Amino acid sequence: MRMTRLHAPTLRETPKDAEVVSHQLLVRGGYIRKLAAGIYDFLPLAQRVLHKINRIVREEMDRAGAQEVLLPAVQPAEIWQESGRWAKYGPELLRMKDRKGGDFCLGPTHEEVIVDLVRRDVRSWRALPLNLYQIQTKFRDEIRPRAGLMRGREFIMKDAYSFDTDEDAANASYDAMFAAYQRIFARCGLDFRPVEADTGAIGGSRSHEFQVLADSGEDAIVSCLECHYAANVEQAELDAPAGDAGAAGPPLETVPTPDKRTIAEVSGFLEVAADRFVKTLIVDADGTLHAVLVRGDHELNEIKLAKLLDADTVHLAEDAQVVAATGAPVGFAGPVGLTGVESIIADHAVRGLRDAVVGANAADAHHVHVDEGRDFTVDRFADLRLAVDGDACPRCGGRLKGYRGIEVGHVFFLGTRYSEAMRCNYLDESGREKPMVMGCYGIGITRIMAAAIEQNHDDKGIVWPRGIAPYQVAILPLQMNKADVVGAAEKIYAQLVDAGLEVLLDDRNERAGAKFADAELIGTPLRIAIGGRGLKNGIVELKVRGGEAVEKIPLDGLVDEIRSRLQ
RNA sequence: CGGGGUGUAGCGCAGUCUGGUAGCGCACCAGUUUUGGGUACUGGUGGUCGGAGGUUCGAAUCCUCUCACCCCGACCA
């Protein structure tokens with residue numbers, strides 16, 4: 001492709017609405033433009049990258065035995081009502097009516113559609129296992145889209161659904177997808193981790209996320225330094241610490257803490273470390289208030305709490321509810337003498353805590369020298385907090401290290417949740433009707449593009465992994481007024497194109513600096529610079545994007561050299 | 001939805017406080033120049049100042065309403 005023909009409007013300045021580096025570089029490099037919040041145009045360079053990613057995904061999915069289909073983006077409400085999710089999904093599901101007043105939605109995911117498809121035509125155990133996938137635009141009306149392609153409202157996703165006769169077979173399907181995902185993300189040039197994950201709204205019992213390690217990632221994960229265990233902090237199980245309560249502390253006292261509400265404020269004011277605090281959170285679980293205690297330096301994991309209470313929704317209580325339950329303004333709640341809640345639940349780390357600091361259930365006051373068991377009692381202890389750097393590994397006892405991650409893929413073992421709700425049954429060998437056992441598997445295609453940039457860039461621009469770069473080589477004739485330079489560039493361009501390579505020829509009448517800058521911004525893996533000086537000696541200059549060295553390469557055998565560099 | 005912020009040319013911004021009929025840089029077009037790290041100069045195209053209503057002789061500027069977008073939080077691929 002010639003740069004004079006390529007529609008890739010590059011910008012010198014960073015658009016002010018782009019915060020994360022992938023968003024900035026995609027806009028500056030002429031890859032994407034924004035149409036509305038979380039909704040983007042994909043320009044030719046981006047489309048090429050997406051094609052590359054899609055091709056890798058298709059190859060690996062096909063190889064794993066899955067078959068590609070294409071399902072409708074517009075879906076009738078009936079199937080969502082059947083699965084129960086029309087009521088449950090909430091405002092993230094973009095709903096609409098057709099001219100006759102019928103309810104429809106834009107698909108945020110396709111369990112309902114695929115189950116409807118399979119249940120109609122698959123009746124026999126002989127047809128299983130079956131794994132169908134598609135690459136398609138999804139729509140989720142996010143509360144807050146952000147970070148460019150990282151969290152869009154409209155995005156491209158590969159979703160796959162497996163159907164099996166029983167749990168063992170379904171687990172084999174899950175394992176096959178898990179292995180395919182490892183190959184896919186590796187081929188995309190990503191540094192990633194599969195981590196154990198919560199099953200969330202989709203439901204099910206077994207789940208892994210594939211997290212690309214990046215400081216800008218939205219997800220927090222922990223990974224064991226000793227063994228292979230890795231998990232989302234929401235999921236990571238934390239064992240109860242050995243219960244050595246120790247000797248009783250001094251008697252309880254009440255101290256004034258004027259206008260000091262947060263742990264950090266009170267900790268600084270009383271000069272007591274945060275891990276000697278008990279944080280008392282008043283939570284609303286399906287309309288019932290509970291007090292939840294976690295150590296001052298820990299954070300409540302609402303997912304674990306919701307599971308413990310078997311609640312559909314768990315959230316921090318409104319200010320007025322807190323005042324009614326504790327008799328004090330927000331910031332001064334504590335477990336001592338607390339009666340305004342259904343129960344007091346505590347994280348394991350609160351068990352046996354001595355000489356602690358808690359809110360006094362009165363404005364501007366805290367209790368100090370508080371002992372759990374002596375000064376307050378807990379109705380039940382459980383694992384309720386988010387894992388943090390330094391926690392013990394639940395598998396081997398080693399130390400967990402914290403990372404930030406971008407979730408590019410997620411695999412779920414669904415079981416029979418959808419197949420039972422929607423009567424997706426088959427006849428087994430003895431003629432009995434049974435629900436199919438399902439799994440579902442997603443990959444954020446557009447998110448991979450952003451994640452790859454988050455992980456591979458420098459101050460000049462994108463440094464594409466080889467496997468997904470829009471073009472493999474950029475040719476820069478540095479002096480457009482010199483016929484020999486232009487001629488050599490054209491000749492090399494023709495040779496490389498003939499050799500089947502993806503080449504960008506910068507035939508614009510720009511000065512060398514502008515060409516270097518744009519080539520680095522766009523991020524092609526290889527760059528060939530052609531100048532009059534080198535040509536006299538029969539050489540051109542080769543630079544690997546992301547590397548330091550500029551190599552002088554003879555014109556003779558250049559094509560073979562380039563080809564070998566791209567291996 | 002709560003908190004904070006921004007809307008003036010494709011991009012980045014000034015002008016708003018103190019009303020007088022819109023400007024700068026980049027990009028784009030024409031020409032000259034330059035040609036190994038965003039060359040220089042000249043000329044030029046392009047704007048219902050987010051929208052509606054109001055105040056006023058006169059509104060980008062003041063008032064009211066509204067919309068969009070960004071960031072933080074609660075939600076999720």
Side-chain angles (χ1 to χ4, degrees), chain A residues 9-20 23-24 27-28 30 33-39 89-93 108-110 136-159 197-202 207 209-212 217-219 232 234 283-284 300 302-303 306 313-319 405-412 440-448 450-451 460 476-482 485-486 508-521 527 529-535 540-541 543 550:
Chain A
T10 57
L11 303 177
R12 236 157 137 167
E13 290 177 275
T14 300
K16 68 168 181 206
D17 60 0
E19 180 100 339
V20 297
H23 188 196
Q24 294 175 347
V27 173
R28 281 193 55 213
R33 289 291 183 265
K34 183 172 69 190
L35 180 62
I39 300 176
Y89 214 96
E92 202 176 296
L93 182 64
T109 176
H110 280 68
Q136 197 221 29
T137 299
K138 302 286 194 235
F139 195 94
R140 296 184 188 177
D141 201 355
E142 290 281 344
I143 302 167
R144 184 157 90 81
R146 69 187 90 179
L149 297 188
M150 216 83 90
R151 176 166 302 282
R153 289 195 292 172
E154 185 178 293
F155 59 100
I156 300 170
M157 180 170 168
K158 187 285 304 178
D159 49 326
D198 179 62
T199 48
I202 295 184
S207 169
E209 292 167 349
F210 288 79
Q211 294 276 358
V212 168
E218 287 188 291
D219 293 327
N232 194 301
E234 296 172 340
V283 301
D284 178 335
L300 171 66
E302 291 184 12
I303 293 170
T313 61
V314 166
H315 56 86
L316 288 178
E318 305 294 325
D319 289 5
I406 300 165
E407 181 184 355
V408 290
H410 203 154
V411 293
F412 292 92
C440 76
Y441 318 93
I443 290 179
I445 301 292
T446 37
R447 192 181 272 182
I448 286 178
K460 301 260 178 42
L476 312 188
L478 298 178
Q479 300 119 329
M480 293 303 283
N481 60 333
K482 293 187 179 167
V485 170
V486 173
R508 298 174 302 171
N509 187 24
E510 292 286 348
R511 292 170 53 100
K515 294 189 179 185
F516 286 133
D518 274 340
E520 281 154 349
L521 179 59
R527 179 186 88 192
I530 302 167
R533 289 202 306 261
L535 276 188
V540 296
E541 287 167 12
K543 173 104 191 287
V550 175

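Since this is a predicted model, take the numbers as computed values, not measurements.
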Under-3.5 Å N/O pairs linking protein and nucleotides 66-72 of chain B:
from: B:rC69; atom 1: OP1; to: A:Ala37; atom 2: N; distance (Å): 3.1
from: B:rC69; atom 1: O3'; to: A:Lys34; atom 2: NZ; distance (Å): 3.1
from: B:rC72; atom 1: OP2; to: A:Arg144; atom 2: NH1; distance (Å): 3.0
from: B:rC72; atom 1: OP2; to: A:Arg144; atom 2: NH2; distance (Å): 2.5

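- Rounded to an integer number of Å, the gap from CG of A:Leu300 to P of B:rA74 is 12 Å.
- Pairing partner, B:rC62: B:rG54, with both Watson-Crick or wobble hydrogen-bond distances short of 3.5 Å.
- For A:Arg508, the salt bridge (Lys or Arg N to Asp or Glu O under 4.0 Å) partners two or more places apart in sequence, or in a different chain, are A:Asp506, A:Asp518.
- Taking the C1' atoms as reference points, B:rG2 lies 39 Å from B:rC24, given to the whole Å.
- For the pair A:Arg527 (side chain) and A:Glu520 (backbone), a donor-acceptor distance under 3.5 Å is absent.
- A distance of about 13 Å separates the P atoms of B:rG25 and B:rA40, rounded to the whole Å.
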* Encode nucleotides 24-33 of chain B as B, S and - characters from 5' to 3', where the letter depends on protein heavy atoms closer than 4.0 Å: B to the base, S only to sugar-phosphate, - to neither. => -BSS------
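- Pairing for B:rU35 is absent, judged as Watson-Crick or G-U wobble with the two contacts each under 3.5 Å.
- Between A:Asp141 atom CG and B:rA77 atom C1' there is a gap of 15 Å when expressed in whole angstrom units.
- Here A:Ala514 lies in heavy-atom contact (under 4.0 Å) with a base.
- Within the nucleic acid shown, A:Glu541 comes within 4.0 Å of at least one base atom, counting heavy atoms only.
- By the 5.5 Å and 30° criteria, A:Phe155 is stacked with the base of B:rA77.
- Applying the side chain to side chain contact (heavy atoms under 4.5 Å, CB included) test to A:Arg151 and every residue at least two apart in sequence or in another chain returns A:Glu142, A:Arg146, A:Glu218, A:Arg447.
- Rounded to whole angstrom, the span from the CG atom of A:Asn232 across to the C1' atom of B:rC76 amounts to 11 Å.
- The separation between A:Glu142 atom CD and B:rC75 atom P is 12 Å, rounded to whole Å.
- The residue A:Gln479 sits close to a base: some heavy atom pair falls under 4.0 Å.
- Under the Watson-Crick and G-U wobble criteria, each requiring two contacts below 3.5 Å, nucleotide B:rG73 is paired to B:rC1.
- Put simply, NZ on A:Lys138 is 13 Å from P on B:rA77, counting in whole angstrom units.
- Of the C1' atoms belonging to B:rA68 and B:rG50, the separation is 7 Å, rounded to the nearest Å.
- Using modelled atom types, no side-chain atom of A:Glu154 and backbone atom of A:Thr137 make a donor-acceptor pair closer than 3.5 Å.
- Using a 4.0 Å heavy-atom distance criterion, A:Asp159 is classed as making no nucleic acid contact.
- A:Arg140 contributes a side-chain N or O that, together with a main-chain N or O of A:Pro108, makes up a donor-acceptor pair within less than 3.5 Å.
- Rounded to whole Å, the P atom of B:rG15 lies 25 Å from the corresponding atom of B:rC71.
- In this structure, NZ of A:Lys515 is placed 17 Å from P of B:rU34, rounded to the nearest angstrom.
- Mapped onto RNA chain B by nearest heavy atom, A:Ala517 and A:Glu154 fall at different nucleotides, with A:Ala517 at the one closer to the 5' end.
- Straight-line distance between the C1' atoms of B:rU61 and B:rU45: roughly 28 Å, to the nearest whole Å.
- As rounded to whole Å, 12 Å separates atom C1' of B:rG12 from atom CZ of A:Arg28.
- Shown here are the side chain to side chain donor-acceptor pair (under 3.5 Å) partners of A:Asp219, two or more places apart in sequence or in another chain: A:Gln211.
- Between B:rC65 and B:rA27, the two P atoms lie 42 Å apart (nearest whole Å).
- A:Gln136 is linked by a side chain to side chain donor-acceptor pair (under 3.5 Å) to A:His110, A:Lys138, counting only residues two or more places apart in sequence or in another chain.
- Looking at the side chain of A:Glu520, the nearest of the listed nucleotides B:rA77, B:rC76, B:rG37 is B:rG37.
- Between the P atoms of B:rC1 and B:rA9, the separation comes to 28 Å (whole Å).
- Nucleotide B:rG23 forms a Watson-Crick or G-U wobble pair with B:rC13, both donor-acceptor distances falling under 3.5 Å.
- Checked against side chain to side chain donor-acceptor pair (under 3.5 Å), A:Asn232 has the following partners two or more places apart in sequence or in another chain: A:Glu209.
- The separation of B:rG37 from B:rU42, taken at their P atoms, amounts to 24 Å, rounded to a whole angstrom.
- By the side chain to side chain donor-acceptor pair (under 3.5 Å) test, A:Lys515 pairs with no residue at all, sequence neighbours left out.
- Within the shown strands, nothing qualifies as a pairing partner of B:rG46 under the Watson-Crick or G-U definition with both distances less than 3.5 Å.
- In this structure, A:Gln211 reaches neither bases nor backbone, as no heavy-atom distance under 4.0 Å exists between it and the strands shown.
- Side-chain N or O atoms of A:Lys158 include one that pairs as donor or acceptor with a backbone N or O of A:Tyr441 at under 3.5 Å.
- At the heavy-atom level, A:Gly531 lies under 4.0 Å from base atoms of the strands shown.
- Contacts of A:Glu510 classified as salt bridge (Lys or Arg N to Asp or Glu O under 4.0 Å), with partners at least two apart in sequence or in another chain: none.
- Looking at heavy-atom distances under 4.0 Å, A:Gly30 makes no contact with the nucleic acid at all.
- Applying the Watson-Crick and G-U wobble criteria (two distances, each under 3.5 Å), B:rU6 pairs with B:rA68.
- Between the CG atom of A:Leu93 and the C1' atom of B:rA77 there is a distance of 15 Å, rounded to whole Å.
- Residue whose closest nucleotide on RNA chain B sits further toward the 5' end, between A:Gly409 and A:Ile530: A:Ile530.
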* Decide yes or no on side-chain contact (heavy atoms from CB on, under 4.5 Å) for A:Met157 and A:Ile445, but give the supporting numbers first. => CA-CA 5 Å; A:Met157 180 170 168; A:Ile445 301 292; 5.7 Å; no
